[in-house]
Amino acid sequence: MNFPILIADSGGTKTDWCLIKSPTDLHYFNSESYHPKNVSEQWVENQKKWFKSLQLPSNTSLFFYGAGCLKTENRRGLFSLFDQLNFLLF
């Protein structure tokens, strides 16, 4: 497994995150919900700023589990954001 890894579990009200830098270096934090209903141009710009503030390495892999993302059309905006941030998305 290559590190770092970012895991997200997003529901309707918040997102729980875990940044795994190594098997013994784990960082937990929360953010607003990444539910597809929240996606707008302004929301995407805000999230880009938030991710930039995290200063994640460019080779970070993202494992995203999100409520509301079963349908392809619902996840397009989120996946577009993650693509713009250069995550390897799983």
Quiz prompt | Contacts of type ring pair (Phe, Tyr, Trp, His ring centres under 6.0 Å), residue Phe79, not counting sequence neighbours | solution = none

Exercise. Determine, stepwise, if the pair Trp17 / Ser31 fulfils side chain to side chain donor-acceptor pair (under 3.5 Å).
Key: CA-CA 8 Å; Trp17 301 87; Ser31 73; 2.8 Å; yes

Under 3.5 Å, side-chain donor or acceptor atoms of residues 1-13 against the rest of the protein: list the pairs with distances, not counting sequence neighbours.
unit_1	atom_1	unit_2	atom_2	d
Ser10	OG	Thr15	OG1	2.8
Ser10	OG	Tyr34	N	2.8

Quiz item: What is the minimum heavy-atom distance between Pro36 and Ala67, and which atoms define it?
Solution: CD-O, 3.3 Å

Quiz item: Near Phe29 CZ, under 6.0 Å, is it more than 12 heavy atoms from other residues, nucleotides or ligands?
Solution: yes

Exercise. Show the numbers, then the answer: is there a side chain to side chain contact (heavy atoms under 4.5 Å, CB included) between Glu32 and Trp43?
Key: CA-CA 11 Å; Glu32 65 185 271; Trp43 183 87; 2.9 Å; yes

Quiz item: Are Phe63 and Phe82 co-members of a hydrophobic cluster defined by side-chain heavy atoms under 4.5 Å apart?
Solution: no

Self-check item: Result of checking Leu56, Leu81, Asn59 against Phe87 for side chain to side chain contact (heavy atoms under 4.5 Å, CB included)
Solution: Leu56

Quiz item: How far does CZ of Arg76 sit from CG of Asp83, to the nearest 0.5 angstrom?
Solution: 14.0 Å

Quiz prompt | Value rounded to 0.5 Å, distance of OG1 in Thr60 from CG in Leu54 | solution = 9.5 Å

Self-check item: Atom pair CG/CG of Leu89 and Leu85 - distance to nearest 0.5 Å
Solution: 11.0 Å

Exercise. Following the transitive rule for hydrophobic clusters with a side-chain heavy-atom cut-off under 4.5 Å over Ile, Leu, Val, Met, Phe, Trp and Tyr, establish whether Tyr28 and Tyr65 coincide in one cluster.
Key: yes

Quiz prompt | Pairs touching residues 33-48 that satisfy salt bridge (Lys or Arg N to Asp or Glu O under 4.0 Å), sequence neighbours left out | solution = Glu45-Lys48

Quiz prompt | Side chain Asn74, main chain Cys69, donor-acceptor under 3.5 Å | solution = no

Practice problem: Nearest 0.5 Å please: distance from the CG atom of Asn38 over to the OG atom of Ser33. | Solution: 4.5 Å

